[in-house]
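Here's the structure we're looking at; comments come further down.
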Amino acid sequence: MPGFAPATEPLAVETEPFLGSYKREGFLMTIADAAADADAAADAAAADGGPGALRLKYEGADGLTGTFDPPVWHLTPVSHTPTKTVFAGRHNEKDAWIPVVFYALTDGSRYIHFGVRATAKSA
């Protein structure tokens with residue numbers, strides 16, 4: 001997505017509601033706080049995310065478990081409103097940023113919209 005990127009000064013957001021697992025048939029996304037995640041602490045891309053940075057691990061589930069090496073996306077907050085929070089995500093500094101959106105439905109159920117799909121929070 002040309003022109004989409006986080007601001008020079010990252011936005012600080014409360015990330016607690018986004019942490020956890022999001023699962024759909026065949027795939028599991030795990031969202032962790034980048035600063036608290038031991039794997040991400042040594043990763044320069046995650047360190048650049050500033051306060052509120054997250055780490056998204058995307059792996060196979062169900063019949064796809066273990067079929068590919070799980071990619072990790074580094075998420076930096078871009079905007080926050082009462083109805084949604086947008087992050088900019090990428091694998092590494094060479095990749096383009098893509099939008100990753102967290103939101104809640106009126107019934108309180110939480111979702112992530114990533115890679116043209118919405119996935120419900122499962123844990």
Side-chain angles (χ1 to χ4, degrees):
M1 176 172 257
F4 179 76
T8 305
E9 184 65 32
L11 177 69
V13 298
E14 173 56 48
T15 59
E16 184 65 31
F18 315 130
L19 303 179
S21 299
Y22 297 76
K23 187 173 184 215
R24 67 175 186 266
E25 186 66 33
F27 297 98
L28 173 66
M29 289 180 272
T30 304
I31 308 296
D33 182 323
D37 187 25
D39 292 336
D43 192 330
D48 290 344
L54 298 174
R55 180 177 181 265
L56 183 157
K57 183 177 180 182
Y58 190 85
E59 56 194 314
D62 308 315
L64 294 176
T65 302
T67 59
F68 59 89
D69 289 332
V72 174
W73 293 76
H74 307 285
L75 309 181
T76 301
V78 173
S79 68
H80 176 72
T81 69
T83 58
K84 70 180 177 186
T85 303
V86 179
F87 284 75
R90 65 181 180 179
H91 288 287
N92 58 52
E93 293 178 3
K94 295 178 184 176
D95 288 344
W97 293 100
I98 65 162
V100 178
V101 181
F102 292 90
Y103 60 95
L105 299 180
T106 55
D107 67 3
S109 56
R110 295 202 157 271
Y111 283 78
I112 183 173
H113 197 271
F114 171 74
V116 195
R117 291 195 180 228
T119 304
K121 188 172 186 180
S122 56

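Below, each value reflects all heavy atoms present in this structure, side chains not excepted, and no hydrogens, waters or symmetry copies.
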Testing Tyr22, Phe27, Trp73 for ring-ring contact (aromatic ring centres under 6.0 Å, His included) with Tyr58, which one passes? Phe27
Output the distance between atom CG (Asp62) and atom NZ (Lys23), rounded to the nearest 0.5 Å. 3.5 Å
Walk me through whether Phe87 and Phe102 qualify under ring pair (Phe, Tyr, Trp, His ring centres under 6.0 Å). CA-CA 8 Å; Phe87 284 75; Phe102 292 90; 5.4 Å; yes
Work out which heavy atom in Tyr111 is nearest to a heavy atom in Leu105; give both atom names and the distance. CE1-CD1, 3.4 Å
When hydrophobic residues are tied together by side-chain contacts of less than 4.5 Å, even through go-betweens, does Leu28 share a cluster with Leu19? no
Side chains of Arg90 and Ile98: does their closest heavy-atom pair fall under 4.5 Å? no
Flag, side chain of Ser122 to backbone of Ser21, donor-acceptor distance under 3.5 Å: yes
Taking every heavy atom of Pro6 against every heavy atom of Pro77, the minimum-distance pair comes out as CB-O, 4.4 Å
Side-chain contact test, heavy atoms from C-beta onward, threshold under 4.5 Å: evaluate it for His74 versus Asn92 and give yes or no. no
Between CE of Met29 and CG of Leu56, what distance do you get to the nearest 0.5 Å? 6.5 Å
Leu11 side chain reached by Val78 side chain, heavy atoms, under 4.5 Å: no
Ile112 side chain near Val100 side chain, heavy-atom distance below 4.5 Å: yes
Surrounding CZ of Arg24 (heavy atoms of other residues, nucleotides or ligands, distance under 6.0 Å), is the total greater than 12? yes
About how many Å separate CG of Leu75 and CD1 of Ile31, when rounded to the nearest 0.5 Å? 6.0 Å
I'd like to know if the side chain of Lys121 and the backbone of Pro17 have a donor-acceptor N/O pair within less than 3.5 Å. yes
Nearest heavy-atom neighbours spanning Pro99 and Val86: CB-CG1, 4.5 Å
Could you pull out the closest heavy-atom pair between Gly63 and Thr67, with the gap in Å? O-CG2, 4.2 Å
Can you tell me if His91 uses its side chain to pair, donor with acceptor, with the backbone of Val72 under 3.5 Å? yes
Between Glu93 (side chain only) and Asp95 (backbone N and O only), is there a donor and an acceptor less than 3.5 Å apart? no
What's the shortest heavy-atom distance between Thr83 and Tyr103, and which atoms? O-CB, 3.4 Å
Is a salt bridge present between Asp33 and Arg55, judged by a nitrogen-to-oxygen distance below 4.0 Å? no
Assess the residue pair Thr119 and Phe114 against the criterion (side-chain contact (heavy atoms from CB on, under 4.5 Å)); give the C-alpha distance rounded to whole Å, side-chain angles, the decisive distance to 0.1 Å, and a yes or no. CA-CA 8 Å; Thr119 304; Phe114 171 74; over 6 Å; no
